[in-house]
Student: 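Here it is: the structure, laid out below.
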Amino acid sequence: MAIAYPTSPTFSASFYCIRRESPVGLAQFPSIALSHTRRTVARIHPLAHRLAVSSRLNSTTPSGAGGSVSPDNGDLQYELFHGFSPQRRTGSPVYVMLPVDAVGPDGLVRRRKAMLQSFRALALAGVEGVVMEVWWGLVERKRPMVYEWKGYSEIVELARKCGLKVRAVMAFHQCGTSPDEPHWIPLPLWVLEEIDKDPDIAYCDRFGRRNMEYISLGCDTLPVLRGRSPIQAYSDFMRNFRDTFRPSLGVIITGIQVGMGPDGELRYPSCPSRMMTWAWRFRELGEFQCYDKYMLASLNACARKVGMREWGDGGPLGTGSLMHNPEFTEFFNSYTGSWRTPYGEFFLEWYSRMLLMHGERICREAETIFRGTKVNTSAKVAAIHWHYKKQSHPSELTAGYYNTGSRDGYLPIARMFARYGFTLCCSCFEMKDVEEKPVHPFSSPEGFLMQLLWAARRCDVPLQGENSGANLDDSSFEQIVKMAKFYSGGIEKPSFSFNFVRMQKNMFEYNNWHRFTNFVRQMSSGDIFRAKLESGGDINHCPSFILSDAAKVGIAFTYC
């Protein structure tokens, strides 16, 4: 635990948690009561998790209107009561994504004590819950159908103790690009052995480069994984998760996000993940991923079906290099490009339909597996916006989104999610066109996002927003609120929530923490965690966030 503040008050904190059972099926919504040592809380809700924070603060700074603490104040004791209520609050709940390495290669929780303190801080700030990536490469690491859930079970228990909910991400993709990276998590070792035997299980581009981030969707239904298909392997994994965590489903674990491609997104690995993270520097056109034997077999069959066998030998010609100006390419040129020709339309229809079929298979399996558990299921769409203002939208096309200046490629995806009751998740909520324009004039994160949000609203699909980078400045938070209102405005039932990416050390630094808690309060419309003194005094004199006062004396919890 670390304390960051320009002045020098000292702080000691002790936590205790008393568990009281609650009826299964009730949603968990925290409520707050504050008590000074001179006054006690009159009564305690019978269904409450009680978390008390006792603090002694010593400072030579005199008390002022800003809420500073002097030795004359003595001991201050705050009590936080996490109650249960079947009613949903208004506003948009905020979740925080955990560090990639929250569970280590040994399957155990890393830095458990720091994580517990961080969870307590998040609960005090009004955060609804945490997002936990459940890595296929860790859980089913060595042998097929042998699962190790211990570390993730411990995270769920920590969240329960702190009154937080959990969203679990079924991460069927590789994390990182090489073993040299600090957060490297490959696909399961036994899967990599099968790829060594049959390299076409992995995606391949026109240069013969294999991508190991995610199994090629061309073999979705083929028994290439020791007698099982990839879809069967994903389904068995989710089914075992459901059976292992059944008591927590719908109570603590309230959301399941199902991975559908690289970075968990429904897309082809047209741009390697390392390039996606360098998007401010590299605006790649991307490469079509249709050259493994399974994808080529499907393409060839479709070409024969329409009587054009020559169209089934591979992807389009004249797509240029990765960093090529799309206007200087034969395929992507806005007005004369072959993407507009019958061949271009045939190929792009096939390529995007294969991606939709992959999403449909996984949606169908997940909906069946988690039916009746009262968890929300969701999936993620990639935010590929760096050539959005071009007529051909080249980077979106290579990723599998047949979205152009004359065709909506996101509406079919939203309709698919609607059929299976899925929530749509997408990032780049904090990005602004005006900040992109000086370096990348054809990039439009706001234009892309508005189109996607419109498709979600039209199909009545709930939305989960995310930020692309862990920016903690006021401008980024204001942009997130703006885009959230763009989606939610006029909708009677709130259907928007936000996943902040991600929990790290600098998030808990004093200024950043202050901005973050204000953001949580703003997203929640001020109705979350109403706090009042049980003293008969004016409620307006009571802080609406416990940590807002705590921050004034320099309290900052740090996950490191």
Side-chain angles (χ1 to χ4, degrees), residues 100-108 133-152 168-241 243-244 258-270 272-274 287 289-298 354-355 358 361-362 365-366 369:
V100 171
D101 62 346
V103 173
D106 56 0
L108 301 177
E133 290 162 309
V134 183
W135 294 99
W136 186 28
L138 294 181
V139 175
E140 197 180 355
R141 183 181 184 186
K142 295 181 179 179
R143 290 183 294 167
M145 302 190 75
V146 176
Y147 308 98
E148 177 53 65
W149 304 105
K150 184 176 180 181
Y152 298 106
V169 178
M170 305 289 101
F172 297 119
H173 60 284
Q174 169 186 291
C175 178
T177 57
S178 74
D180 298 329
E181 295 188 8
H183 301 313
W184 165 251
I185 304 175
L187 298 179
L189 300 180
W190 62 272
V191 172
L192 296 179
E193 292 173 2
E194 297 307 306
I195 294 177
D196 286 339
K197 299 174 187 175
D198 181 6
D200 285 289
I201 295 175
Y203 282 111
C204 183
D205 66 14
R206 59 182 167 140
F207 300 108
R209 294 176 298 196
R210 301 284 175 181
N211 188 293
M212 308 288 283
E213 294 180 74
Y214 190 78
I215 295 176
S216 170
L217 60 82
C219 58
D220 263 358
T221 59
L222 302 176
V224 296
L225 299 180
R226 300 190 184 181
R228 291 187 299 165
S229 70
I231 294 295
Q232 287 175 324
Y234 304 150
S235 299
D236 289 339
F237 184 92
M238 290 189 288
R239 193 173 292 108
N240 195 270
F241 178 89
D243 295 342
T244 302
V258 187
M260 295 185 173
D263 284 340
E265 300 165 331
L266 179 63
R267 65 173 176 88
Y268 293 100
S270 54
S273 290
R274 66 179 180 276
E287 289 287 350
Q289 304 292 309
C290 59
Y291 291 87
D292 64 77
K293 67 182 181 183
Y294 302 108
M295 292 290 285
L296 284 174
S298 173
M354 289 289 284
L355 187 66
H358 174 67
R361 293 185 187 110
I362 295 181
E365 292 294 323
I369 290 168

Student: According to side chain to side chain contact (heavy atoms under 4.5 Å, CB included), who are the partners of Ser229, at least two apart in sequence or on a separate chain?
Tutor: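 Side chain to side chain contact (heavy atoms under 4.5 Å, CB included) check on Ser229 returns Ile231, Gln232.
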Student: Between Ser216 and Asp292, what is the shortest heavy-atom contact and its length?
Tutor: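 So the minimum-distance heavy-atom pair works out to OG-OD2, 2.9 Å.
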Student: CD1/Ile362 to CG/Asp220 distance, rounded to the nearest 0.5 angstrom?
Tutor: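 So the gap between those two atoms works out to 6.5 Å.
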Student: Considering non-hydrogen atoms only, spot the tightest contact between Glu213 and Pro269 and give its length.
Tutor: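 Result for this residue pair: OE2-CB, 4.1 Å.
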Student: Of all heavy-atom pairs between Cys219 and Ile215, which one has the smallest distance, and what is that distance?
Tutor: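 Minimum heavy-atom contact is SG-CG2, 3.8 Å.
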Student: Is the backbone N or O of Gly176 less than 3.5 Å from a side-chain atom of Gln174, with the two atoms forming a donor-acceptor pair by type?
Tutor: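 The answer is yes, because a donor-acceptor pair under 3.5 Å joins these two groups.
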Student: Minimum heavy-atom separation for Gln289 to Ser270, with atom names?
Tutor: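 Scanning both residues completely, I find the closest heavy atoms to be NE2-CA, 3.9 Å.
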Student: Got a second to check how far Arg239's CZ is from Tyr147's OH, nearest 0.5 Å?
Tutor: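 Here the rounded value is 8.5 Å.
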Student: Let me see the working for Met260 and Leu355 under side-chain contact (heavy atoms from CB on, under 4.5 Å), right down to the final yes or no.
Tutor: CA-CA 9 Å; Met260 295 185 173; Leu355 187 66; over 6 Å; no
Student: With side chains defined as the heavy atoms from C-beta onward, is the minimum distance between Met145 and Asp236 less than 4.5 Å?
Tutor: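 A side-chain contact under 4.5 Å exists here.
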Student: Under the side chain to side chain contact (heavy atoms under 4.5 Å, CB included) rule, collect the residues that match up with Glu148, sequence neighbours excluded.
Tutor: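 By the side chain to side chain contact (heavy atoms under 4.5 Å, CB included) rule, Glu148 matches Lys150.
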Student: Around Lys142, counting heavy atoms of other residues, nucleotides and ligands shown, do more than 12 lie under 6.0 Å from its NZ?
Tutor: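 It does not: Lys142 NZ has 12 such atoms or fewer within range.
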Student: The test is side-chain contact (heavy atoms from CB on, under 4.5 Å); show your working for Phe172 and Val258 and say whether it passes.
Tutor: CA-CA 8 Å; Phe172 297 119; Val258 187; 4.2 Å; yes
Student: Determine yes or no for a side-chain-to-main-chain donor-acceptor pair under 3.5 angstrom, with Asp205 supplying the side chain and Phe207 the backbone.
Tutor: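 Yes, because the side chain of Asp205 sits within donor-acceptor range (under 3.5 Å) of the backbone of Phe207.
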Student: Between Met354 and Leu217, does a side-chain contact (heavy atoms from CB on, under 4.5 Å) hold up when you go through it step by step?
Tutor: CA-CA 8 Å; Met354 289 289 284; Leu217 60 82; 3.8 Å; yes
Student: Which atom pair, heavy atoms only, marks the closest approach of Leu225 to Pro230?
Tutor: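 Looks like CD1-CA, 3.8 Å.
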Student: Going by the ring-ring contact (aromatic ring centres under 6.0 Å, His included) test, which pairs reach into residues 179-203, not counting sequence neighbours?
Tutor: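 The answer is Tyr203-Tyr268.
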Student: Is the closest side-chain heavy-atom distance between Arg210 and Cys204 below 4.5 Å?
Tutor: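 SC-SC contact between Arg210 and Cys204 confirmed.
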Student: Which residues satisfy the side chain to side chain contact (heavy atoms under 4.5 Å, CB included) test with Ile195, sequence neighbours excluded?
Tutor: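 Counting only residues at least two positions away or on another chain, Ile195 forms a side chain to side chain contact (heavy atoms under 4.5 Å, CB included) with Leu187, Val191, Leu192, Ile201, Ala202, Met212.
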Student: Measure up the Tyr214 and Tyr234 rings against each other and bin them: parallel (under 30°), tilted (30 to 60°), perpendicular (over 60°).
Tutor: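 The rings of Tyr214 and Tyr234 lie parallel, inter-plane angle below 30°.
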Student: Would you please indicate if the ring centroids of Tyr152 and Phe241 are separated by under 6.0 Å?
Tutor: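 That pair fails the under 6.0 Å test.
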Student: Quick check: closest heavy atoms across Val100 and Cys175, and the distance to 0.1 Å?
Tutor: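 For Val100 and Cys175, the tightest heavy-atom pair comes out as CG1-SG, 3.4 Å.
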Student: Partners of Thr244 by side chain to side chain contact (heavy atoms under 4.5 Å, CB included), sequence neighbours excluded?
Tutor: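 Testing Thr244 for side chain to side chain contact (heavy atoms under 4.5 Å, CB included), a comparison that skips the adjacent residues, returns Trp149, Asn240.
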Student: For Tyr294, enumerate each residue passing the ring-ring contact (aromatic ring centres under 6.0 Å, His included) test, keeping only those at least two apart in sequence or located in another chain.
Tutor: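 If we apply the ring-ring contact (aromatic ring centres under 6.0 Å, His included) test to Tyr294, skipping adjacent residues, there are no hits.
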Student: Given salt bridge (charged side-chain N to carboxylate O under 4.0 Å, His left out), test Arg226 with Glu140 step by step and report yes or no.
Tutor: CA-CA 14 Å; Arg226 300 190 184 181; Glu140 197 180 355; over 6 Å; no
